[in-house]
Amino acid sequence: MAPQKLTDYERKRLENIRRNDEMMAALKLHSKATQLSNFKRPRVGTKSYNMKSEKKPKTETPIVIRRSLRTRGIPPDSKGLDGDSVGPTTPRKTEPSVVSLGRISMADARESDHSDSFFVESLMGMAQLKAQYASVEKGKVEASLGLEALYLDPENIARVVPGRITSARFFPSSSVKMIAVGNTFGNVGFWNVGQSEVHLYRPHRAPISGILIQPHCLSKIYTSCYDGILRLMDAEKEIFDLVFESDESIFALSQPTNETNCLYLAEGSGGLTIWDNRIGKRMSHWVLHESRINTIDFNCKNPHIAATSSTDGTACTWDLRYTDGDKLTALRTFTHKRSVQSAYFSPSGCSLATTSLDNTIAIYSGVNMEDAAVINHNNQTGRWLSTFSRAKWGWDDSYLFVGNLKRGVDVVSAVQRKMVMTLESQHMSAIPCRFDTHSYEVGMLAGATSGGQVYIWTSR
DNA sequence: TGTATGGTTACTCAG
DNA sequence: CTGAGTCCACCATACA
């Protein structure tokens, strides 16, 4: 339906110029406000999204988790389970036409009240830069880090989304320090670290389980959701496109480095699905675990080797090249006493770290990962926190970062096989549950909380 | 194999 | 600063 005449381009340009002017005005006001509020005690970050006045997060529809609707005879396009009324007779809950199952324009999904035209353009600019200097940025940095140099600058704190953060990812760019986070409401927020503005969208209606920024094209960002929907944000087209819709929840989203055509999703109870973008179809689907897969990670040295962690109490490694018919056999299985929240390969690919609700972090190394080091760590999060039991590797094989209930970041040394310190700051007023490390900026560590804040630690 | 139930417990906001 | 309200995550257990 979009009118496509030559004048359309010009009209759009003018519109952009106008919106930029508005934004500059807004920015000036905003920075004034920030300066003023900085005189108060910095209880929480002064940086924050500003909601469009007509959209408030409080009156959200309840969070919906897909649970094998097919087996319950509920139509796949139903909005799912609605509170206690569980069963085939559940009437379709019709929301106003706002809920579009297909593509959503970024304008419709936008919830921050300021213009995002500059942000959208900068995304495309980054994408172009990226293509230009692709060769320069080929290799990720691998460098050791002095822990004592890590500190939290109060400028590097922002409330990026409302509610509880479930997913956080830095842009894989050496020129930009931008982070994207997702929350339980289905919001995705973007923050250029240190700046005062945050851009907030709502492309989903349930918890975001994964964010995947295409390394070769930063303006294309995949998001997966508990409601079973996989979207692609395309800044160029200014849409959140619908890529794939499952009957079951998607719990994780991943991609090996250098792979561009396929997406790897944790689907339903124990399912691993490979989605092929070229043909728009499931390429493979296996049930690898007895319960949900919490993380999918790839070995950077051998990208066909994957590690999964699952609520069934195990983590497994797989060689995705070798399928025995429709079956896939684990290379190795690592068992915990309770649910395993994460299994991540170290930056070198030589070690695997698992984190479990049995209050341990295990580090496996050696030729066949047969050498296990088990470190005790309190991984219990209650009802109100995202499970922070996801120890994340730093920039080399020496340290892991994991949340601490006392508002800190515990640092585990893989060499010493123990916790060596806790990063603490008076500015950190909430518990960091989810972490991400900046690929190109050694020491830049993001901790995301259940209150929507993001804390960026940097190296002094 | 599936479902219903109980337990955990941090953050925000109003006053 | 204090305390009420949030609420529907997630897992483990019990039971059909």
Side-chain angles (χ1 to χ4, degrees), chain A residues 40-41 43-46 48-49 51 56-74 79-88 90 93 157 159-167 182-187 204-209 225-227 247-252 266 268-271 287 289-295 309-314 335-342 355-360 378-390 403-408 427-434 447-455:
Chain A
K40 295 177 190 166
R41 192 173 60 91
R43 190 176 147 265
V44 179
T46 49
S48 171
Y49 54 87
M51 300 290 280
K56 290 280 188 300
K58 270 291 146 60
T59 50
E60 297 311 339
T61 50
I63 289 163
V64 167
I65 298 181
R66 292 219 169 174
R67 237 177 270 174
S68 191
L69 296 180
R70 203 170 21 194
T71 56
R72 295 174 180 220
I74 301 172
K79 275 317 284 177
L81 310 177
D82 194 357
D84 25 343
S85 59
V86 174
T90 305
K93 192 182 173 190
I157 300 171
R159 190 183 302 274
V160 182
V161 289
R164 189 184 317 176
I165 294 174
T166 50
S167 191
N183 70 0
T184 51
F185 301 140
N187 289 114
H204 295 277
R205 309 246 115 200
I208 307 284
S209 53
C225 182
Y226 277 26
D227 65 7
D247 286 351
E248 297 180 297
S249 283
I250 301 173
F251 292 112
S269 180
V287 176
H289 286 275
E290 286 167 19
S291 188
R292 57 184 272 183
I293 292 173
N294 294 309
T295 58
S309 64
S310 168
T311 296
D312 70 6
T314 66
T335 52
H336 277 269
K337 292 192 186 72
R338 288 181 63 189
S339 167
V340 186
Q341 291 300 323
S342 68
T355 313
S356 165
L357 285 181
D358 69 4
N359 281 345
T360 62
N378 179 13
N379 296 329
Q380 301 306 310
T381 48
R383 179 179 183 170
W384 314 112
L385 283 183
S386 297
T387 49
F388 61 53
S389 17
R390 289 187 173 186
N404 172 310
L405 271 181
K406 296 193 313 267
R407 300 193 172 95
H427 299 110
M428 200 153 71
S429 62
I431 296 168
C433 304
R434 296 291 157 93
T449 75
S450 285
Q453 302 100 328
V454 175
Y455 297 92

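Below, chains carry the letters A, B, ... as their sequence lines are ordered, and counting in each starts from 1.
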- Item | Backbone of G182(A) reached by a side-chain donor or acceptor of T166(A) within 3.5 Å | yes
- Task: Assess the side chains of T295(A) and S309(A): does a donor N or O sit below 3.5 Å from an acceptor N or O?
- Result: yes
- Give a yes/no on whether any side-chain N or O of Q380(A) is located under 4.0 angstrom from OP1 or OP2 of dA10(B). no
- Task: Give the rounded distance in Å between these two atoms: CG of N379(A) and P of dT9(B).
- Result: 13 Å
- May I have the distance from Q453(A) (atom CD) to dC13(B) (atom P), rounded to whole angstrom? 10 Å
- What is the distance from CD1 of I293(A) to C1' of dC10(C), rounded to the nearest Å? 17 Å
- To the nearest 0.5 Å, what is the distance between OG1 (T311(A)) and CD1 (I293(A))? 9.5 Å
- How would you label the contact of S291(A) with the nucleic acid (heavy atoms, under 4.0 Å): base, sugar-phosphate, or nothing? nothing
- Item | Atom of R434(A), atom of I165(A) and distance for their closest heavy-atom approach | CG-O, 4.3 Å
- Message: Please confirm whether the shortest side-chain N or O distance from Q341(A) to OP1 or OP2 of dC11(C) is below 4.0 Å.
- Response: yes
- Message: Any side-chain N or O of R159(A) below 4.0 angstrom from OP1/OP2 of dT12(B)?
- Response: yes
- Return the value, rounded to whole Å, for the distance between atom CZ of R205(A) and atom P of dC8(C). 15 Å
- Could you give the CG-to-P distance, from N183(A) to dT6(C), as a whole number of Å? 19 Å
- According to a strict under-4.0 Å criterion, is R164(A) in side-chain N/O contact with OP1 or OP2 of dT12(B)? no
- N294(A) CG to dC11(C) C1', in whole Å, measures 11 Å
- Task: Mind calculating the distance between NZ (K337(A)) and C1' (dC11(C)) to the nearest angstrom?
- Result: 17 Å
- Please tell me which of the listed nucleotides, dC11(C), dC11(B), dA10(B), lies nearest to the side chain of L357(A)? dC11(C)
- Gap between atoms CD1 and C1', on I431(A) and dT12(B) respectively (whole Å): 14 Å
- Message: Would you say R407(A) places a side-chain N or O within less than 4.0 Å of OP1 or OP2 belonging to dA10(B)?
- Response: no
- Message: Can you tell me how far apart OG (S310(A)) and CD (E290(A)) are? Round to the nearest 0.5 Å.
- Response: 8.0 Å
- Does the side chain of S450(A) get closer than 4.0 angstrom to OP1 or OP2 of dA10(B) through an N or O atom? no
- Message: The side chain of Y226(A) is closest to which nucleotide in this list: dC11(C), dA10(B), dC10(C)?
- Response: dC10(C)
